[in-house]
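Proteins get letters first, then strands, A, B, ... in listed order; numbering begins at 1 in each.
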Number of protein chains: 2
Amino acid sequence: MDVTIYEVAQRAGVSIATVSRTLRGTGPVASKTREKVLKAVEELNFTPSRLGVSLAEGRHAANGIVFPNLSGPYYTEVLLGYEEVASELGRSVLILSTTGRTRVRDLVKDLAGRVDGLLIFGHTAPDDVIAELIQVGMPLVFVSREPLAGADTLRAENTASARLLAEHLALHGYERFAFLGAPLVTGDDVDERWQGVRSVLGAAIEAVPTGHYTVDDGHQAALRLLRSGDRPRAIICSDDEVALGALLAAEELGLAVPDDVAVTGWDDIMAARHARPALTTIRQPMRELGARAARALDELITAARSTPNHLTLTTELVIRASCGHHPQEEPR
Amino acid sequence: MDVTIYEVAQRAGVSIATVSRTLRGTGPVASKTREKVLKAVEELNFTPSRLGVSLAEGRHAANGIVFPNLSGPYYTEVLLGYEEVASELGRSVLILSTTGRTRVRDLVKDLAGRVDGLLIFGHTAPDDVIAELIQVGMPLVFVSREPLAGADTLRAENTASARLLAEHLALHGYERFAFLGAPLVTGDDVDERWQGVRSVLGAAIEAVPTGHYTVDDGHQAALRLLRSGDRPRAIICSDDEVALGALLAAEELGLAVPDDVAVTGWDDIMAARHARPALTTIRQPMRELGARAARALDELITAARSTPNHLTLTTELVIRASCGHHPQEEPR
DNA sequence: CAACCTCGTGTAAGCGCTTACAGAAAAGGA
DNA sequence: TCCTTTTCTGTAAGCGCTTACACGAGGTTG
């Protein structure tokens, strides 16, 4: 990464413009000249400097992504879908994890200065930074967040799936419910799930907060909940990790799942399938979220589209053992 | 991201050199001048272009990382440790996932052109590309791979831990073993684990390959293995995901774990703790691997060190239920 | 008060590339 | 043969920044 276009030009006996044209295929080059150039490139093992190219082109050929953390497969899967498509489109991906970070503002702004577009999860970036980015016209796609003017938003369906889940549980005959992992931010995925289940179960469901959406916090909160005098018959959790924590708590207290208490999750992470009892949960198309985000960003960057899109992907209810046997269904 | 240093200079009534000096704190600037400059910067909302800075400085202020995929927490955790430290050191992180990719060579070379240093997992990059990178002096750190001349290598201990695990299982009184997830590449982590267990169990253990180190492939291979006439008494798996597959297979065949067949994993991923029975496994310091890699890379990039380092971190045997009750230990 | 520092600032030369523009050479047409 | 096209190639002006170097203006010092 040391040899420059000048050395190639000199060796080939041409100007740097000709070298550039040969390599990029822009403009005409006599085949004899082309050969000379390619030979010199080969001999010197020349690779154009990304920095030089980007500066001259005025674009980074890179996308950024801002997520809280990578614990659990949700962000991971979205990230992979995103990276794969970005890569196909000739862009690199720069990552930024915000959990436990101070100076998130600066980090996001720095990242924005290195890319042509940004995927941002939920509310991981400060609102004023976002406003600023929208203002300067930085292409932005948000995932897992309520629609926002001036930028694309993309999410998996929550409310209707939550209703479906709640109705399914209600048909089991359960009467008292808890929603473990109460929403922390208005308008995010968890909030929509909560709104969905509550619209079906009404006063029969109570919101129980956890500190974070993690196994440990789910575990602690579930312990408190299940020890309390009148414990719910079913616990709908904000996501699978919290649900795994609830499973642990139940086991610890000697409660049988689903016979004493039913538990459901959300996301269908790998551990959900391997937990005992296996978790009833809602699967969302994580990979596809990432892939779509990359495509949307590409449209915005290349100015193929200028008006924001807001898209919602569908989800799937995955019924396993943890919600109990459905009275109207055949056992399997 | 539109305003340049020229506009700031003009507005402040100074030269661009002074603006640069003010912002970077290099060289002396009269406090009155500084104020004028900062005021102009503020008013114009100026942020220096990364491209311009990088080109002039001759460095990217970015690190790369090459991994196969992000399924399971191993790569994920290493990645997070890496990103956190890189970020502290003022570097961004560019990612490249190789699983399922064609043109990995080109992708790696492109990535290398965008960063000051690279973390590469195992054998995810073609050998000749690696040789080339070493040759041009690109700072490189390898994780989960045998030591390589000319670059840092970093890994968690395998052989001794594998011996420990094997000895532990032998003390259970088991006599016939299988190693599920036979090594595919000489010198990688899995190979070392295999060497370790075999050095203890000798002919009593048989290597059984899986296609990939995934739950599904582990599942399929375990089904074949457990259906065969003389099935092993204990299955040592290359990693937790394969072990989860084995657990599924056993359940499917009506075999009790650990009473009919014992199973162990490696990594201690989240699902290992939540599986039933919970998996006996080996925990490795994934986060720390990433953090150390970032620091090592920093040393190499800043030329604080020039001779390669080869480091091995220690691991921990985590005994849970899936290996069976140890005859000489108290039940817990 | 002359000689010498220091401090503060500007000038200009890069860093490695792309590309508009212009000129030269080759090719075609009358 | 001379003029018009077409094809190819070079020149040079950026892209946005850093920094070595030079220079002028006050401050010190003996």
Side-chain angles (χ1 to χ4, degrees), chain A residues 1-41 44-62 90 109-110 112-116 136 138, chain B residues 1-41 44-62 90 109-110 112-116 136 138:
Chain A
M1 317 306 173
D2 225 349
V3 21
T4 72
I5 198 174
Y6 288 93
E7 301 167 45
V8 175
Q10 188 172 13
R11 178 158 197 136
V14 300
S15 74
I16 59 169
T18 301
V19 176
S20 177
R21 279 190 287 256
T22 305
L23 262 26
R24 321 196 93 217
T26 81
V29 177
S31 64
K32 235 176 164 170
T33 312
R34 186 199 325 284
E35 273 174 34
K36 281 192 302 186
V37 171
L38 292 179
K39 185 154 166 285
V41 165
L44 295 173
N45 193 21
F46 169 70
T47 312
S49 148
R50 250 323 322 165
L51 252 20
V53 174
S54 286
L55 187 57
E57 284 186 335
R59 60 186 210 117
H60 300 268
K109 287 183 81 165
D110 179 73
R114 295 165 171 270
V115 300
D116 303 315
V136 299
M138 161 76 56
Chain B
M1 317 304 173
D2 225 349
V3 21
T4 73
I5 198 173
Y6 288 93
E7 301 167 46
V8 176
Q10 187 171 12
R11 178 158 199 136
V14 299
S15 73
I16 59 168
T18 299
V19 175
S20 177
R21 277 191 289 255
T22 304
L23 261 27
R24 322 195 92 218
T26 80
V29 177
S31 62
K32 236 175 162 170
T33 312
R34 184 198 326 284
E35 274 173 35
K36 281 192 302 186
V37 171
L38 293 180
K39 185 155 166 288
V41 165
L44 296 173
N45 193 21
F46 170 69
T47 312
S49 147
R50 260 296 354 148
L51 251 22
V53 174
S54 286
L55 186 56
E57 283 185 336
R59 61 188 210 112
H60 300 267
K109 289 182 80 165
D110 179 71
R114 294 166 172 270
V115 299
D116 303 314
V136 300
M138 162 75 58

Interatomic distance where CD belongs to A/Glu35 and P belongs to D/dT9 [whole Å]:
12 Å
How close or far is atom C1' of C/dT19 from atom CG of A/Leu23, stated in whole angstroms?
15 Å
Does a sphere of radius 6.0 Å around CD in B/Gln10 hold more than 12 heavy atoms from other residues, nucleotides or ligands, not counting ones at 6.0 Å or beyond?
no
With the side chain defined as heavy atoms from C-beta on, A/Ala56 is closest, among D/dC17, D/dG14, D/dT19, to D/dG14
Within-4.5 Å side-chain heavy-atom neighbours: A/Thr33 and A/Thr18:
yes
Would you tell me if any nitrogen or oxygen in the side chain of A/Thr4 comes within less than 4.0 Å of OP1 or OP2 on C/dG16?
no
NZ of A/Lys36 versus C1' of D/dC8: gap in Å, rounded?
12 Å
Calculate the interatomic distance between A/Ile5 atom CD1 and C/dG16 atom P; express it in whole Å.
11 Å
Side-chain N,O (A/Arg59) to OP1/OP2 (D/dC15) below 4.0 Å:
no
So, is A/Arg24 close to the C/dT18 phosphate, meaning a side-chain N or O under 4.0 Å from OP1 or OP2?
yes
Would you say a side-chain N or O of A/Ser49 is under 4.0 Å from OP1 or OP2 of C/dC17?
no
Whole angstrom value for the distance that separates P of D/dC17 from CG of B/Asp2
11 Å
Looking only at side-chain atoms of A/Val29, point me to the closest of D/dT9, C/dT19, C/dT11.
D/dT9
Selected nucleotide, minimal atom distance to B/Thr33 side chain, candidates D/dT9, C/dG8, D/dC17
C/dG8
Are the side chain of A/Asp116 and the backbone of A/Arg59 linked by a donor-acceptor contact shorter than 3.5 Å?
no
Determine the minimum heavy-atom distance between A/Val37 and A/Val8, stating which atoms define it.
O-CG1, 4.3 Å
If you define the side chain from C-beta out and look only at heavy atoms, does anything of B/Thr4 sit under 4.5 Å from B/Ser49?
no
When rounded to whole Å, the CD1 to P distance for the pair B/Ile16 and C/dG8 reads 20 Å
Pairwise 5' ranking along DNA chain D for A/Ser31 and A/Ala17, keeping only the more 5' one
A/Ser31
Output yes when at least one side-chain N/O atom of A/Ser20 is less than 4.0 Å from OP1 or OP2 of C/dC17, else no.
no
Send over the distance from A/Leu55 CG to C/dC17 C1', rounded to a whole Å.
8 Å
Categorize B/Ala30 for me: base, sugar-phosphate, or nothing, with a 4.0 angstrom heavy-atom threshold over every strand shown.
sugar-phosphate
Atom-to-atom span, CD of B/Glu7 to C1' of D/dC17 - whole angstrom
14 Å
Tell me what B/Pro28 touches on the nucleic acid: a base, only sugar-phosphate, or nothing, going by heavy atoms under 4.0 Å.
base
Report the C-alpha separation of A/Ser20 and A/Arg24 in whole Å, then their side-chain angles, then the decisive distance to 0.1 Å, and conclude whether the side-chain hydrogen bond (donor to acceptor under 3.5 Å, both in side chains) test is met.
CA-CA 6 Å; A/Ser20 177; A/Arg24 321 196 93 217; 4.8 Å; no
I'd like to know if B/Tyr6 reaches the base of D/dC17 with its side chain, counting only an N/O donor and acceptor under 3.5 Å.
yes
By nearest nucleotide on DNA chain C, pick out whichever of B/Glu57 and B/Thr18 is the more 5' one.
B/Thr18
Is a donor-acceptor pair below 3.5 Å formed from side chain A/Arg21 to base D/dG10, judging by atom type as modelled?
yes
